[in-house]
Amino acid sequence: MKQFVVVGCGRFGRACAIELSNTGHEVLLIDNNEDTVDEMSRIVTHAVYIEHLTENSLSSVGVGNFDVAIVAISSNFEASILSTVVCKKLGVKKVITKAKDTLHGNILLKVGADRTIIPENDSAVRLAKSLISDQIFDYIEFTDDYSIAEITPKKEWIGKNFIDIGIRSKYGINVVAVKNNGEMNINPSPNYTVKFEDYLIVIGSNEDLDKITETGDKNDNLYFK
């Protein structure tokens with residue numbers, strides 16, 4: 001299971017922290033509001049009050065030990081940049097930072113953010129879903145029970161066609177498209193042979209999608225887009 005630190009508990013940060021916590025992941029929440037920290041301490045693994053974000057304060061709570069940092073404080077540009085830079089300096093593998101607009105996002109990318117999120121364009125829950133598994137790259141929930149996701153193929157799928165894999169019979173999902181080197185194969189044949197470089201656009205129940213991505217089987221050289 002991955003470990004996440006969420007810096008800032010506004011609407012976006014709170015939604016991310018709750019979604020990640022609800023799926024069983026360790027979450028450290030950092031905020032400068034004592035009441036918020038007290039409330040969230042009953043929801044997430046750890047909640048810490050820090051009045052002023054500095055390298056020392058972030059280091060003292062062990063931020064560098066976490067796999068992913070979500071910096072959700074776009075209203076304070078200086079604190080957003082500082083937190084992003086410090087998280088990367090302390091060794092956080094992936095830093096995702098909330099941006100108030102495209103310009104803000106571009107600056108954050110230049111100072112070390114691996115990805116920026118503009119809330120008007122990106123759902124916090126969708127982000128959390130994509131972070132939970134290294135195999136899932138994009139996730140759109142279109143009903144309470146069914147979603148469409150972009151995933152990497154499991155290792156045992158490589159070199160086999162969809163029939164032999166049992167995409168429908170064993171995994172209960174349908175492949176609606178395959179992406180490879182920028183090209184899209186819409187409605188691929190059941191005889192299509194899966195390649196290491198493929199991205200599969202699949203549709204299925206949330207339960208079936210969770211089963212596919214929770215096993216930890218993934219292509220080791222792939223990164224979040």
Side-chain angles (χ1 to χ4, degrees), residues 1-51 53 58 61-63 66-77 79-84 86-88 92-102 104-105 108-109 113-151 205-207 209-210 213-214 224-225:
M1 301 292 278
K2 292 184 180 179
Q3 298 175 306
F4 298 87
V5 55
V6 179
V7 184
C9 191
R11 183 186 303 175
F12 181 82
R14 179 187 296 264
C16 266
I18 291 174
E19 179 68 22
L20 291 168
S21 183
N22 284 344
T23 53
H25 290 76
E26 181 176 344
V27 178
L28 167 65
L29 177 75
I30 298 172
D31 198 74
N32 63 355
N33 184 298
E34 292 182 289
D35 292 336
T36 297
V37 168
D38 182 62
E39 176 193 352
M40 293 299 292
S41 67
R42 295 185 284 272
I43 300 173
V44 301
T45 315
H46 308 284
V48 178
Y49 169 77
I50 295 181
E51 184 176 4
L53 292 170
L58 290 171
V61 296
V63 165
F66 286 78
D67 301 304
V68 180
I70 302 168
V71 180
I73 46 176
S74 62
S75 59
N76 187 329
F77 188 42
S80 177
I81 290 178
L82 181 145
S83 299
T84 299
V86 170
C87 284
K88 292 300 292 185
V92 179
K93 298 174 185 176
K94 190 177 300 296
V95 178
I96 295 93
T97 308
K98 177 186 173 186
K100 63 181 179 180
D101 53 38
T102 302
H104 185 190
L108 289 165
L109 290 171
D114 296 288
R115 178 177 173 184
T116 59
I117 300 295
I118 301 175
E120 290 75 10
N121 302 328
D122 296 87
S123 158
V125 172
R126 179 179 171 187
L127 169 63
K129 289 284 190 182
S130 71
L131 292 174
I132 289 166
S133 170
D134 283 332
Q135 192 182 341
I136 190 166
F137 283 79
D138 206 355
Y139 184 101
I140 302 173
E141 188 174 84
F142 57 89
T143 74
D144 290 338
D145 300 315
Y146 285 84
S147 300
I148 186 167
E150 179 180 342
I151 66 173
S205 70
N206 296 335
E207 181 180 359
L209 290 173
D210 287 343
T213 59
E214 70 188 3
F224 287 103
K225 293 179 178 177

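Computed from a predicted model, the values in this text were never measured in an experiment.
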Student check: side-chain heavy atoms of [X] and [Y] closer than 4.5 Å:
{"X": "V37", "Y": "L29", "answer": "no"}
{"X": "V68", "Y": "D114", "answer": "no"}
{"X": "L108", "Y": "I81", "answer": "yes"}
{"X": "L20", "Y": "I70", "answer": "yes"}
{"X": "K93", "Y": "K2", "answer": "no"}

Mind listing the closest non-hydrogen atom pair of [X] and [Y] along with its distance?
{"X": "K100", "Y": "I118", "value": "O-CG2, 4.4 Å"}
{"X": "V61", "Y": "L58", "value": "CG2-O, 3.3 Å"}
{"X": "C87", "Y": "V95", "value": "CB-CG2, 3.8 Å"}
{"X": "A72", "Y": "G8", "value": "CB-O, 3.9 Å"}
{"X": "V44", "Y": "H46", "value": "CG2-O, 3.2 Å"}

Can you check whether [Y]'s main-chain N or O pairs, donor with acceptor, with [X]'s side chain at less than 3.5 Å?
{"X": "D31", "Y": "C9", "result": "yes"}
{"X": "T36", "Y": "N32", "result": "no"}
{"X": "S21", "Y": "I43", "result": "yes"}
{"X": "T45", "Y": "V27", "result": "yes"}
{"X": "S83", "Y": "S80", "result": "no"}

Atom pair [atom1]/[atom2] of [X] and [Y] - distance to nearest 0.5 Å:
{"X": "K98", "Y": "I117", "atom1": "NZ", "atom2": "CD1", "result": "11.0 Å"}
{"X": "R14", "Y": "C16", "atom1": "CZ", "atom2": "SG", "result": "12.5 Å"}
{"X": "I30", "Y": "Y49", "atom1": "CD1", "atom2": "OH", "result": "13.0 Å"}
{"X": "L53", "Y": "N76", "atom1": "CG", "atom2": "CG", "result": "8.0 Å"}
{"X": "T116", "Y": "L109", "atom1": "OG1", "atom2": "CG", "result": "4.5 Å"}
{"X": "F4", "Y": "L28", "atom1": "CZ", "atom2": "CG", "result": "12.5 Å"}

